[in-house]
Participant: 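Sharing a structure below in structure tokens format, with a few things to ask.
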Protein chains: 2
Amino acid sequence: MAEVTKEEVTESEDFVQINFPSGEYTYLTPFKFLDKDDHSNTALIILNQKLDNNTLTKVWASTVLHVCADGGANRLYECFESEEVRSSFIPHFIVGDLDSIRSDVQSYYERKGTKVIPQTSQYATDFTKAITLTKIYFHSSEGKEFLKQGPIESECGMLEYSKNTSMTKDSVINLYALGGIDGRFDQTISSINQLYKLNVSDPNINLYLLTACDMIFLLRAGTSYVGYDSKSVFNASSKLPTCGLLPLGSNEVCITTKGLKYDVKNWKTDMTGKVSSSNAISGINGFIVEADHPIIMNIEVDLSKSS
Amino acid sequence: MAEVTKEEVTESEDFVQINFPSGEYTYLTPFKFLDKDDHSNTALIILNQKLDNNTLTKVWASTVLHVCADGGANRLYECFESEEVRSSFIPHFIVGDLDSIRSDVQSYYERKGTKVIPQTSQYATDFTKAITLTKIYFHSSEGKEFLKQGPIESECGMLEYSKNTSMTKDSVINLYALGGIDGRFDQTISSINQLYKLNVSDPNINLYLLTACDMIFLLRAGTSYVGYDSKSVFNASSKLPTCGLLPLGSNEVCITTKGLKYDVKNWKTDMTGKVSSSNAISGINGFIVEADHPIIMNIEVDLSKSS
């Protein structure tokens, strides 16, 4: 007889200590980049949406590689009123089909030393091109040289290079993207699509999408432990940072959690049925999610406040 | 031998006339409410996100029932600087668990004649409660009386009433929601979840989610014809209004379109694979989407411009 697994929802205390899981698990530290110490293999990708100044400067200071995807360069330029401050935030690269960047903005950054890489292919978004760039930068031994010196064929030279060059796969890249959410809804969903595709194509890249009020990322199938030093990193407006577990892949997901305000056990969630929104984080040092398929998570976080 | 259906993508002209499909189809007119003539069975639901003044006043003037979901009342109140203007926008109802509405805002609207209906159940979102209210209002013969006079049990009296009362199902309700997208991402996805759930529970309710830059709605399985008088209603910033077809339900969707810039045929789309974003509308009077499962669509539209 098949075992019947019962769905359960339990309301937990507001502040609970969550230990590491006993078996195998993926350890995620989405907020670690905000520490002063370790920024290796971190990149910021700026997309074409209005930027909040405080958020930008925090993420900029916490990442080593800075890339604008096409019109993202306009947003970076417009983010500063004074030329003195603007000239302290010069991206390493601008990449994309370059149909959105203003010519004065492009000239400005080129004068300041930014390398502009046109990639005109319409079979990839500017976001995807920026991700390919970071992969070449961090994962191929001569990638930095290639990106800086070229020559890079202007339609899809970068993509070709990444396909034909051996890449080290052992180091993890943490990518933070600003502007992937909050614009037109098809662009928002295209960014979520990016999370699912990267999970298959490049499991050693962790992509974190930052919005004005939350951070969005993918939890892989299996057990994940999401850790942080203290909940103060969230800077959330509510006592407990709000969160959601969002089954946006193409199937129902069965989840079990530990360290959320409303913990679930064997809980089946899908977009045409029930979805866990307006949940919250009660684990003071981390929480656990077990899922039988990849699932998207968002956590309330506010980097716009000075902290 | 099974027939092999080939995927095709065709780039179309910018302005093409699209005739009605020959077989059975669903006829959708998302922009008809902006006409001066016919506003029957239309409602505006205001959720708890910042409101754009121009968008609000346009949708308000084009709908007959005005409902605030909890903190949505604060946003309505804050939308106007002058008391004279504010007092011309008095909602018929405020509904929800009322944990977000400011007490001065609640008193203000109560004094002006708004009926406030507390529904404290945590098993439904305030958005769902507002939708249930509009259903009772339009689809039950004594619903208006019930909502105005009560008594309505304060936990989930409305939901109970809607379950135990016979509802006319023959008239279509067009619901326009402001603030369902653009906030915390779990709330955005909860609004999309609402579209999928309504499609099953109340197929005679069409829900349209309006954001600062687009309109989001569900296309049912089968053939849909989306019609409009002219593309000027979109008020889009680009020559052709941008759009996306977003397979956010729990399965792959196979689509065929006619009247889009990049028309597809037998095109399989899913969130872990390829998704049609940054497409555009080329049909001057409408376009056709055939889909084997429900799919979410967004169309670029800007109601914030004065037109």
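Protein chains get the first letters and strands the later ones, always in sequence-line order, with residue 1 at the start of each.
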Participant: Can you say whether B/N298 sits under 4.5 Å from chain A via the side chain, the backbone, both, or neither, judging by heavy atoms?
Facilitator: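 The side chain, not the backbone.
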Participant: Select one option (side chain, backbone, both, neither) describing which atoms of B/I181 are under 4.5 Å from chain A's heavy atoms.
Facilitator: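 For B/I181, the side chain is the part near chain A, not the backbone.
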Participant: Who wins among B/K197, B/Q187, B/E300, B/R184 for the most heavy-atom pairs under 4.5 Å with chain A?
Facilitator: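 Sorted descending by pairs with chain A, the first entry is B/R184.
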Participant: Which answer fits B/N193, side chain, backbone, both or neither, if we ask what part of it has an atom under 4.5 Å from a heavy atom of chain A?
Facilitator: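 Looking at B/N193, backbone and side chain both touch chain A.
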Participant: Spell out, as yes or no, whether a donor-acceptor pair under 3.5 Å connects the side chain of A/T55 to the backbone of A/L51.
Facilitator: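 No; zero donor-acceptor contacts below 3.5 Å.
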Participant: Can you tell me which of A/T188, A/V253, A/N279, A/N251 forms the most heavy-atom pairs within a distance under 4.5 Å of chain B?
Facilitator: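 Top count of heavy-atom pairs under 4.5 Å with chain B: A/N251.
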Participant: Going by side-chain contact (heavy atoms from CB on, under 4.5 Å), A/F217 matches just one of A/L210, A/N206, A/I296, A/L28. Which one?
Facilitator: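 When A/L210, A/N206, A/I296, A/L28 are each tested with A/F217, the side-chain contact (heavy atoms from CB on, under 4.5 Å) holds only for A/L28.
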Participant: Between A/Y208 and A/F33, is the ring centroid distance below 6.0 Å?
Facilitator: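 So the answer is no for these two rings.
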Participant: Report yes or no: does B/T211 contribute a side-chain atom to a donor-acceptor pair with the main-chain N or O of B/D214 at less than 3.5 Å?
Facilitator: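 Answer holds: yes.
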Participant: Counting heavy-atom pairs under 4.5 Å to chain B, which of A/I189, A/L245, A/T125, A/D182 comes out on top?
Facilitator: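 Top option by heavy-atom pairs under 4.5 Å: A/I189.
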Participant: Which bit of B/I192 comes within less than 4.5 Å of chain A, counting heavy atoms only: side chain, backbone, both or neither?
Facilitator: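 It is both, since atoms from each part get that close.
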Participant: Which region of B/S278, side chain (C-beta onward) or backbone (N, CA, C, O), has a non-hydrogen atom less than 4.5 Å from a non-hydrogen atom of chain A, or is it both or neither?
Facilitator: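 For B/S278, backbone and side chain are both near chain A.
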Participant: Assess whether a salt bridge exists between A/K265 and A/E7, defined as any Lys/Arg side-chain N lying under 4.0 Å from an Asp/Glu carboxylate O.
Facilitator: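 A salt bridge is absent here (no side-chain N lies under 4.0 Å from a carboxylate O).
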Participant: Only pairs of heavy atoms separated by less than 4.5 Å count here; which of A/V200, A/T242, A/V275 has the most with chain B?
Facilitator: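 Ranked by contacts with chain B, first place is A/T242.
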Participant: Give a yes or no on whether a salt bridge exists between A/K274 and A/E252, defined as a side-chain N under 4.0 angstrom from a carboxylate O.
Facilitator: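 Salt bridge between A/K274 and A/E252, a charged N being under 4.0 Å from a carboxylate O: no.
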Participant: Under 3.5 Å, side chain of A/R220 to main-chain N/O of A/P203, donor-acceptor pair present?
Facilitator: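 It does hold such a pair.
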Participant: Could you tell me which portion of B/L248 (side chain, backbone, both or neither) has an atom closer than 4.5 angstrom to a non-hydrogen atom of chain A?
Facilitator: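 Contact with chain A involves both backbone and side-chain atoms of B/L248.
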Participant: Output yes when A/K261 and A/E11 qualify as a salt bridge under the 4.0 Å nitrogen-oxygen rule, no when they do not.
Facilitator: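 A salt bridge links A/K261 with A/E11.
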Participant: With sequence neighbours left out, what residues match A/F127 under ring-ring contact (aromatic ring centres under 6.0 Å, His included)?
Facilitator: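 ring-ring contact (aromatic ring centres under 6.0 Å, His included) check on A/F127 returns nothing, list empty.
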Participant: For the interface with chain A, which of B/G183, B/G244, B/S250, B/C213 has the highest count of heavy-atom pairs at distances below 4.5 Å?
Facilitator: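 The answer is B/S250.
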Participant: Between A/G273, A/S276, A/G249, which has the largest tally of heavy atom pairs under 4.5 Å with chain B?
Facilitator: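 Of the candidates given, the most pairs with chain B belong to A/G273.
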Participant: Measure A/D270 against the heavy atoms of chain B and call it side chain, backbone, both or neither at under 4.5 Å.
Facilitator: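 Contact with chain B is through both the backbone and side chain of A/D270.
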